[in-house]
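Here the structure is a predicted model, which means the values were calculated and not measured. Proteins get letters first, then strands, A, B, ... in listed order; numbering begins at 1 in each.
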Amino acid sequence: MLDAQLSRPEKGESVRVRFAPSPTGYPHLGNIRTALFNWLFARHCGGKFVLRIEDTDVARRVEGATEAILDGLRWLRLDWDEGPYFQSQRLGIYREVADQLLENGYAYLCYCSPRRLEAMRQEQVRRKQPPKYDRHCRHLTQKAKAELEASGITPVVRFQTPLEGQTEFQDLIRGEIVFENATLDDFVLLKSDGYPTYHLANIADDHSMEISHVLRADEWLSSTPRHMLLYRALGWQPPKFAHLPMILGPDKSKLSKRHGAVSITEYRDQGYLPEAMTNFLTLLGWSLDDKTELLSLEEIVRHFSLKRIGKTAAIFNKDKLEWMNGVYLRRLSLKEFAEQATIFLERHFSASAEWPPPPEYVYQVMPLIQERARTLAQAPQLSEFFFIDELEYDSSLLLSRGMSSTSATQAIKVTLDRLKAVGNWDVASLEGFLRPLAAELGLSARVFFGLLRVAITGRTAAPPLFETMAIIGKKRCSERLTRALDKLSTLD
RNA sequence: GCCCCCAUCGUCUAGAGGCCUAGGACAUCGGCCUUUCAAGCCGGUAACAGGGAUUCGAAUUCCCUUGGGGGCACCA
């Protein structure tokens, strides 16, 4: 186990963390979980949370990605204290750092063409060698350099990695990590288009932004020795590192588009609540104790600590997210739920003839959906028969409790006939009328109500019958029963 | 191929040598409630990857094996 001291900021040390996504795609759950942990750590420690967009890859830049990232963070209420900074607007800083490295002999210019590098790599892979730059330009003679310079080739700047020795560092989650320098190669710092690579820009910014703790995904662990080497070459104090366990897809591989809904904004659009999302994501890699699972963001902030972050990668389990979202949905006040659900109903039914119904009507339906929905996107499906009059259902459903066509027809006819006499159209009156009727017809409640349920809702599974009928109203109930009669007549 | 990390129920996890006959949650399977569904309640199935070592005692420490993941770009 790790020394507790490691995980706690030292006395008087101010915590500054950052979330530094690259806008090369929409933010997925893994990215967001990283943001969340950084945010939680900052808020728990009373530190600062900085947002930085690492847009140094011009070719892979995705339109709208930055906005999606900001939207996602805002939606989850992960507010930032500084930024967003954009690396593309700070190119001068990286150039200076690269020059400094060049001057001090920690870096060199490389004129190798992409073709040569690619050919070299393929050959290495073919010979089952680790693909590494062969350091061709590291030992260029003055004459060769001058010639290449004159040829007009724009060089890249490469770091001159020590050929021997070890680079070690303390990871706040994993403890001491040691790499042999010989396994590292001379990585590129500055690309020929003038943009820095991740390694350069990242450490330059973490330094200038005075980042105290770097909480990032595990996939960066093997890059950390390069970063340590850079800090050392520049004479800078490195931040503390904590490599977070990865979030994997159901096939145990790194989360990506092939795993379906993966972008945080998709979850919003599918009707997950931000508080359910943050609660769930927090539990992927962190735990409070052996039983507490439902935690508000405030509670998580209060208890969050690096010490309780696990080491093992977590597979994203959508079932549990849905369950948790259902819990949060049911916890909303009726008013809050109605506001949220109405957005989804609107979206779904706006084209139908019956929409919009009176607001009071919609409001009456809400409690019936609220206890059944796991996501808001399920609201329209769960309540369709309240808002659409032309019910599409298979006539045979009317006989699904094992009744004969004649007895079903008879039962509905009698019901229809007696309905006329019902005065108060409320739950109690309906129950007081229908229960005795079942007995009178010699049918069990299960069978009789099952039949009526299909006639009224077109489904075998629906909210309680009396409440449903009370809301739908006498007139429309009668119409639906009549329609069921028609359907039954076509059955034989 | 090389380097690094990881290893408890199907999944998320609790577990820092005796509190472990391994706890909780999702899922799953029964049952109760009940007009169906949902919710709720009760109960069941289900895990320490394997092998050594240390120890009176190991899920917990060490080593090896195996398995899984990640990295090895003028991508981040």
Considering only side-chain heavy atoms of [X], which listed nucleotide, [options], is closest?
| X | options | value |
| --- | --- | --- |
| A/Asp57 | B/rA76, B/rC74, B/rA39 | B/rA76 |
| A/Lys320 | B/rU11, B/rA76, B/rC26 | B/rC26 |
| A/Arg174 | B/rC6, B/rA38, B/rC74 | B/rC6 |
| A/Ser222 | B/rC74, B/rG71, B/rA39 | B/rG71 |
| A/Pro131 | B/rG40, B/rG1, B/rC3 | B/rG1 |
| A/Thr312 | B/rA7, B/rC12, B/rG69 | B/rA7 |

Counting only side-chain nitrogens and oxygens, does A/Lys318 get under 4.0 Å of the OP1 or OP2 atom of B/rC12?
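Indeed not, no polar side-chain atom of A/Lys318 lies that close.
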
Between B/rU36 and A/Arg446, is there an OP1 or OP2 to side-chain N/O distance shorter than 4.0 Å?
yes

Does B/rC37 have a Watson-Crick or wobble partner in any strand here, with both distances under 3.5 angstrom, and which is it?
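Its partner is none (no Watson-Crick or G-U wobble pair with both distances under 3.5 Å).
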
Strand partner of B/rG18, provided both Watson-Crick or wobble distances fall under 3.5 Å:
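Paired with B/rG18, as far as the under-3.5 Å criterion goes, is B/rC56.
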
Base, sugar-phosphate or nothing for [X]? Non-hydrogen atoms, less than 4.0 Å.
| X | value |
| --- | --- |
| A/Ile177 | sugar-phosphate |
| A/Ala462 | base |
| A/Glu54 | sugar-phosphate |

Result for 5'-nearest mapping on RNA chain B, choosing between A/Ala461 and A/Cys110, is A/Ala461

Hey, which sits more toward the 5' end of RNA chain B by its nearest nucleotide, A/Arg374 or A/Gln129?
A/Gln129

Applying the side chain to side chain contact (heavy atoms under 4.5 Å, CB included) test to A/Pro463, which of A/Leu368, A/Val365, A/Ile369 qualifies?
A/Leu368

